[in-house]
Amino acid sequence: MNERKDFYIGYIDDVSPATKKFLKRTVLILALVILTTAAIFSLSQQPFANSTFELSNETKISGVYHKSPYPMLRVEVEKGVYKNILLLGFGKFGANMYIDALKAKEGTLINRRLTIEGNLIYYNGKTLLQITNEQKITLEPERSSSKTDLASVVGDFELEGEVVDPKCYFGVMKPGKGKIHRSCASLCIAGGMPPVLVTTDSNNISEYFLLTDLKGQPIHSDILPYIGQPSKLNGTVEKLEDWYVMKIDVSNIEKLNKNSEIY
Amino acid sequence: MGLDYQTILWNKHKKVYDKLILAFMLMYLLVFAGLTFTFNAQTTIETLIIRAFGTLAVIMLHIILAIGPISRLNTSFLPLLYNRRHLGVSMFLAAAVHGVFSMIQFHTLGNVNPVYSIFTSNLDYTSLTNFPFQVLGFVALIILFFMAATSHDFWLKNLSPSVWKKLHMMVYVAYALIILHVFLGAFQQETSPFTIGFLSIGFVTIVSLHLIAGFNEVKTDTKKSEKDESNWLYVCRTGEIEEDRAKIFTVDKERVAIFKYEGKLSAIHNVCKHQGGPLGEGKIVDGCITCPWHGYQYLPGNGQSPPPFTEKVATYELKLVKDKIYLNPEAFPEGTEVKPVNC
């Protein structure tokens, strides 16, 4: 036993008192390191947005379908007040596959009344609906008398912000923006979700702009190099009730070498 | 030491070591989750898992990398090295949870294969700040997987110790990739000076420990030695070696351990056949040279592990002129019996 003093051999149960004392002290220090690092890494996280994704809860929403140019449901929330709910698909896909399947059976859906059962996503006054199955879209028999031309021109603007995919940004992921989320946002927009420009002013008020090309058509793959990084965009802004639409030339987007300021 | 392969050769210390690993991992995860739910409750469970396991893996990797050099500088830390293998596998499991959840979260349910997506969803490979950092983490995880999968004496024996050692030295490549993964990824968005500062201190500590330990070894390796008329090399005086301990001496880039025990001197090659541990930092226990890393044993007179074990290391011839020890630089084949020199 004496010759083993202070020489540790793992497979021998006996340990010298000096080694035992040293190990106890080391374990205590390691425990403090673990506690300190857990606290530092946890408490240093930036605040998460209070956005919501109702993954386990399905809600039925009825409204008038329109595509401006991304699929939306126009819902009357109170008399004369409308909300446009952006429709999205399951996973990292847009809603077009479900809408197109119904369209193939029923003909054009524009300005028709639909009831859709899906998962709500909402944040900061905007609501989106995830459709998981075309069977959960019901075409209502009555025709809508809703007006079809909803957009009005606001003017030409130069805006600084970040292009995000709305599904993750408005609730599915936290954070749903910036470099960490960039790959996911690229997949979502490549999969048919609308790109959305988010701007935040000095008073921390955010505005959201659905991005289209100059002709008002959807853009997806062309905008992928600009997603998830602060950028400057120029274009004509239209107001679509509770949303803005911005018509842009993707080649004029300027990447800004600075930290993201949105949320 | 073992003759056949078992999943794990359990003993009391390994059990205590593993219980502490588990307790520390759980403690980290619970504290991280508890504080996050208390002070930043709007998190999602996926983000919580990704961040808690990712940061845990990074901290464990720092501890693992510190154990080697700190044990060379202060042998009191050797008990931490004894079961470092299990710590490494546990660290891989934490990293795998982080990696798999990140892949599910960010790369599945899209229009391309998730692995293809990791490499192609961000193509800014020429930019430093926009670099696709997830690729770095993915490659590091693959390296850690191969290391964890071969963390067993079966693979050590069958791959050969030198191939196994080279594979496991890849941990430094994985570490570099992980540091870049964090600095070019999370730290581009989560810019708290506390986390960036903390990891920077961790990186500097790991590099410093390795440099200090390496510098000490270089001093030993480059020490000039006088030759006698037969080209034998002067090592030291007998009084410079403690009883049952050794002096490490470098000959033609090979380290030799010269042990003093029971009034005798014997010299064997310094590198343990198990995992390359420094036998010269070991001790004679029960008449056997005992490796400080995992307790593998060799007889000082012939460099052979006592039967029924079969490991063998090269032996060297010594001579004594008064109290000056001289070494014949020509090694004998592994396991060759050499008569100890009386001192």
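Any value given below was found using the heavy atoms of this structure, including those in side chains, with hydrogens, waters and symmetry copies removed.
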Inset, instruction - State whether A:Lys179 and B:Asp124 are salt-bridged, where the test is any N-O pair (Lys NZ or Arg NE/NH1/NH2 against Asp/Glu carboxylate O) under 4.0 Å. - result: no

Inset, instruction - Check the surroundings of atom CZ in B:Phe131: do more than 12 heavy atoms from other residues, nucleotides or ligands lie under 6.0 Å from it? - result: yes

Inset, instruction - State yes or no: are the ring centers of B:Phe77 and A:Phe22 separated by less than 6.0 Å? - result: yes

Inset, instruction - Could you please spell out the steps behind the side-chain contact (heavy atoms from CB on, under 4.5 Å) verdict for A:Met173 and B:Glu46? - result: CA-CA 8 Å; A:Met173 291 193 191; B:Glu46 297 89 347; over 6 Å; no

Legend entry - Parallel, tilted or perpendicular: rings of B:His13 and A:Tyr8 (30°, 60°): parallel

Inset, instruction - Please confirm whether the backbone N or O of B:Gly295 pairs with a side-chain atom of A:Tyr11, one donor and one acceptor, at under 3.5 Å? - result: yes

Legend entry - Main-chain N/O of B:Ser192 paired to A:Ser44 side chain as donor or acceptor, under 3.5 Å: no

Inset, instruction - Check each atom of B:Ile63 against the heavy atoms of chain A and say whether the ones under 4.5 Å are side chain, backbone, both or neither. - result: side chain

Inset, instruction - Sort B:Thr43 into side chain, backbone, both or neither according to what part of it lies under 4.5 angstrom from a heavy atom of chain A. - result: both

Legend entry - Contacting moiety of B:Pro193, where chain A heavy atoms sit under 4.5 Å: neither

Inset, instruction - Measure the CZ-CZ distance between A:Phe7 and B:Arg245 for me, rounded to the nearest 0.5 Å. - result: 6.0 Å

Inset, instruction - Measure the spacing between CD1 of A:Ile9 and CD of B:Gln297 and express it to the nearest 0.5 Å. - result: 6.0 Å

Inset, instruction - Against chain A, label B:Phe39 side chain, backbone, both or neither, depending on which of its atoms sit under 4.5 Å from a heavy atom there. - result: side chain

Inset, instruction - Give a yes or no on whether B:Glu242 atom CD has more than 12 heavy-atom contacts from other residues, nucleotides or ligands under 6.0 Å away. - result: no

Inset, instruction - Take atom NZ of A:Lys21 as the centre, draw a 6.0 Å sphere, and report whether it contains more than 12 heavy atoms from other residues, nucleotides or ligands. - result: no

Legend entry - side-chain contact (heavy atoms from CB on, under 4.5 Å) between A:Phe48 and B:Thr47, worked out: CA-CA 10 Å; A:Phe48 296 104; B:Thr47 299; 3.9 Å; yes

Legend entry - Side chain, backbone, both or neither of B:Phe198 within contact of chain A (heavy atoms, under 4.5 Å): side chain

Legend entry - Enclosure of B:Lys14 NZ (heavy-atom neighbours >12, cutoff 6.0 Å): yes

Inset, instruction - Using modelled atom types only, decide if a donor and an acceptor are shared between the side chain of B:Asn122 and the backbone of A:Arg182 within a distance under 3.5 Å. - result: no

Legend entry - Interchain contact, B:Leu80 with chain A, by part (heavy-atom threshold 4.5 Å): side chain

Inset, instruction - Calculate, to the nearest 0.5 Å, the distance between atoms CG and CZ belonging to A:Leu35 and B:Phe32 respectively. - result: 14.0 Å

Legend entry - Part of A:Ile40 lying under 4.5 Å from any heavy atom of chain B: both

Inset, instruction - Measure from the side-chain N and O atoms of A:Gln45 to the backbone N and O of B:Thr36, and report whether any donor-acceptor pair falls under 3.5 Å. - result: no

Legend entry - Segment of A:Lys255 engaging chain B (4.5 angstrom heavy-atom cut-off): side chain

Legend entry - When A:Gly178, A:Cys168, A:Gly191 are compared by non-hydrogen pairs under 4.5 Å with chain B, the top option: A:Gly178

Legend entry - Between A:Ser186, A:Ser183, A:Cys184, A:Cys188, the one whose heavy-atom pairs under 4.5 Å with chain B are most numerous: A:Ser183

Inset, instruction - State whether the number of non-hydrogen atoms from other residues, nucleotides or ligands found under 6.0 Å of B:Asn74 atom CG is greater than 12. - result: yes

Inset, instruction - Before giving the answer on side-chain contact (heavy atoms from CB on, under 4.5 Å), spell out for A:Ile34 and B:Met25 the whole-Å C-alpha distance, their side-chain angles and the decisive distance to 0.1 Å. - result: CA-CA 8 Å; A:Ile34 295 290; B:Met25 288 177 78; over 6 Å; no

Legend entry - Side chain A:Gln46, main chain B:Gln189, donor-acceptor under 3.5 Å: yes

Inset, instruction - Hey, could you give me the CG/OG1 distance between B:Leu78 and A:Thr19, rounded to the nearest 0.5 Å? - result: 9.5 Å

Legend entry - Between B:Ser102, B:Ser76, B:Gly185, the one whose heavy-atom pairs under 4.5 Å with chain A are most numerous: B:Ser76

Inset, instruction - Using non-hydrogen atoms and a 4.5 Å limit, figure out which bit of A:Ala49 sits close to chain B: side chain, backbone, both or neither. - result: backbone

Legend entry - Between OG on residue B:Ser127 and CD on residue A:Gln229, distance to nearest 0.5 Å: 8.0 Å

Legend entry - chain A contact via B:Leu20 - which portion, at a heavy-atom distance below 4.5 Å: side chain

Inset, instruction - Please test B:Phe24 against A:Val27 for side-chain contact (heavy atoms from CB on, under 4.5 Å), starting from the C-alpha separation and ending with a verdict. - result: CA-CA 10 Å; B:Phe24 281 172; A:Val27 166; 3.8 Å; yes

Legend entry - Atom pair CZ (B:Arg51) and OG (A:Ser42), whose distance is rounded to the nearest 0.5 Å: 10.0 Å

Legend entry - Per-residue contacts, residues 105-120 of chain B versus chain A, heavy atoms under 4.5 Å: B:Gln105, B:Phe106, B:His107, B:Thr108, B:Leu109, B:Gly110, B:Asn111, B:Val112, B:Ser117

